[in-house]
Amino acid sequence: MCALRGREIQLRGRSGIGERAALPALPSAIPVRETGRLPRLGRDSPRSRAPRTMWTSWVLLGLVLVLGVGAIGTFVWAVRSGVFSDIEDVKYRVLRAEEEDPAPVPSGGERPGAG
Amino acid sequence: MLLKWFSDEEFSAAKNYIYSAVAWLVVGVTFAVILAIKFVIPDFLGVNSYLTFGRVRVAHIQSAALGFLSAGYVASLYYMVPRLTGVRLYSERLGNFLCLVFNATLGTGVLAVLLGFTEGREYLELPRLWDWLVLAFLVLTAFNVFMTIANRRERQIYVSLWYFMGTMVWFPLVWFIGNRTWVKLDGLNDAAVNWFYGHNHLGLWFTTVGVGMVYYLIPIITRNPLFSHKLSLIGFWSIAMVYAPTGAHHLLQAPIPEWLKSAAIISSLLLLIPVAASVTNFYMTAKGKWHVVFSNVALRFTMAGVLYYLITCLQGPFQAARPVNFYLHFSNWVVAHAHVALLGSFGFFTWGAIYHMLPRILKVNWFSMSLANWHFWLTFLGFWMFFVVLTISGLIQAAMWAGGHPWINVVIAQQPMMIARMLSGFIMLGGQIAFAYNVIRTVLIARRRAIELPAGIEPEPAHA
């Protein structure tokens with residue numbers, strides 16, 4: 001209780017704008033003031049409420065990590081398999097991607113298209 | 001007729017997706033104009049519940065974003081991946097079959113939305129059955145793309161292929177998570193996941209495929225090699241690293257954890273790295289060939305899209321800053337921003353790609369370059385008008401709300417902007433009708449030539 005109250009006092013002191021500013025940051029202080037007892041690791045504890053209400057945030061965090069680690073893994077694979085060796089060469093070969101095609105014939109419209 | 005949907009002809013899947021994109025474009029823009037009219041004449045189309053604003057808006061988003069853009073994107077994947085790998089698409093039959101599935105899913109989905117069946121979530125309005133169908137579509141499309149790349153002749157992988165591969169890993173996953181087909185969520189959790197999906201739909205589908213398309217189009221059309229392949233890869237890997245958490249910047253005013261908000265803001269700012277890499281590369285690649293923009297409508301659309309992309313990506317981090325977000329987030333500014341991304345950037349990329357691909361697939365030039373030019377200028381100027389008007393409208397809304405004006409006064413102040421918005425919608429619709437007519441006439445000419453020319457004889461090229 002002391003630690004909790006100490007934190008409440010400390011926050012009030014640090015914010016410097018009075019009780020109103022400190023209260024929203026300390027939802028755990030409410031049961032202390034209302035019941036006069038410490039919050040238990042039960043229904044009224046913010047620590048126990050957090051996983052129940054905001055677990056999707058952890059799912060999202062996990063997903064971000066999976067995507068990030070996957071990207072790093074792919075990058076490492078690409079480097080080790082030589083995909084990035086002579087890195088600028090491929091951009092010249094791309095210019096030949098459509099060279100084998102016959103050019104489109106005129107359609108009978110106004111002038112040869114530039115599509 | 002049905003056999004055409006299971007054709008094994010080279011580029012037939014890309015062709016069918018282009019046709020689908022054009023059809024959905026006309027539908028999507030028509031819905032948009034209906035909405036714009038309703039802003040000026042609220043009783044337009046009466047009290048018919050099927051055509052109320054809420055339902056038509058969803059139908060517009062689904063048909064324009066999922067229909068036009070996504071069909072154009074898959075067409076580009078099925079055209080560009082074989083070009084870049086030097087092999088045919090792994091399965092044209094699968095691609096054509098998936099095109100049929102795509103159109104059936106979206107057609108019935110839009111109908112369902114108009115009938116009032118919706119999940120009621122932003123960008124995820126299609127009912128649950130449709131979520132699974134789209135997921136199956138995405139997974140099978142990814143399979144087709146990856147198998148083509150696996151069979152490639154080139155060991156080196158060009159940056160466009162990196163973007164396409166990244167997208168085909170990320171987006172099915174984002175769709176799966178975002179649609180919550182796997183879990184039931186409520187309240188704030190639902191909103192957090194919704195915006196994880198909402199922004200990653202933009203960033204890990206429309207952005208990544210779109211940027212990959214531009215990396216293909218500019219060098220091929222200008223005949224200039226890419227300015228720096230290394231820089232382009234830095235852009236790709238940085239977007240891979242930082243994009244995923246950005247969605248929470250839509251919830252800065254909501255009681256989600258502060259660290260999630262901060263992660264979203266920081267990643268939004270870091271996005272300037274891939275954007276700077278891409279845009280620098282695009283402009284530097286076109287260096288010395290800017291005159292081609294005047295003669296080549298595909299390049300003109302693409303470079304206009306790059307301009308809009310730059311605007312979008314400069315606005316994004318700016319809007320993610322907390323004070324700016326607080327001031328602007330619920331105004332028409334954001335509507336303008338969303339449209340400069342989807343219609344301005346990715347729409348223009350898609351038109352550029354279609355103008356480039358269709359003549360090469362059909363082996364015949366466009367029916368009319370005048371119509372193509374009309375399409376460009378009506379769309380470009382119409383969109384500028386739309387964007388400027390909505391941006392001003394958003395600033396007025398934000399200022400009036402911040403000043404504590406009564407809500408009805410804000411509505412009255414919007415009237416001139418809503419009329420201008422409607423006019424810009426008609427201008428852009430005119431451009432799309434010209435485009436659709438040009439496509440139809442070009443296809444008809446190609447079909448007539450295919451009948452006239454005996455099999456095995458290639459038409460003579462008109463110009464080198």
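Any value given below was found using the heavy atoms of this structure, including those in side chains, with hydrogens, waters and symmetry copies removed. Here the structure is a predicted model, which is why all the values come from computation and not from measurement. The sequence lines fix the lettering, A, B, ..., with proteins before strands; numbering per chain opens at 1.
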Residue pair B:L233, A:F75: steps toward the side chain to side chain contact (heavy atoms under 4.5 Å, CB included) verdict:
CA-CA 10 Å; B:L233 290 177; A:F75 180 76; over 6 Å; no
To the nearest 0.5 Å, what is the distance between CZ on B:R360 and CD on A:E98?
5.5 Å
Please set out all donor-acceptor pairs under 3.5 angstrom arising from side-chain atoms of residues 76-83 of chain A, sequence neighbours excluded.
residue : atom : partner : partner atom : Å
A:S81   : OG   : A:W77   : O            : 2.9
A:S81   : OG   : A:A78   : O            : 3.3

Chain A contact via B:L173 - which portion, at a heavy-atom distance below 4.5 Å:
side chain
In terms of heavy-atom pairs under 4.5 Å with chain A, the winner among B:W259, B:F301, B:W170 is B:W259
For the CG atom of A:L95 and the OG1 atom of B:T222, what is their distance to the nearest 0.5 Å?
7.5 Å
Heavy-atom contact with chain A under 4.5 Å, split by part of B:I361:
neither
Name the one of A:V94, A:I87, A:V90 that satisfies side chain to side chain contact (heavy atoms under 4.5 Å, CB included) with B:Q156?
A:V90
Donor-acceptor pair, A:K91 side chain versus B:F227 backbone, under 3.5 Å?
yes
Inter-chain contacts: residues 237-246 of chain B against chain A, heavy atoms under 4.5 Å
B:W237, B:A240, B:M241, B:A244, B:P245
Side chain, backbone, both or neither: which part of B:S228 has a non-hydrogen atom closer than 4.5 Å to chain A?
both
Rounding to 0.5 Å, atoms CZ (A:R93) and CG (B:L84) come to a distance of 11.5 Å
Checked B:R300, B:H229, B:K230, B:R223 vs chain A; the most non-hydrogen pairs under 4.5 Å come from B:H229
Which one, B:P225, B:G86, B:G187, leads in non-hydrogen pairs under 4.5 Å with chain A?
B:P225
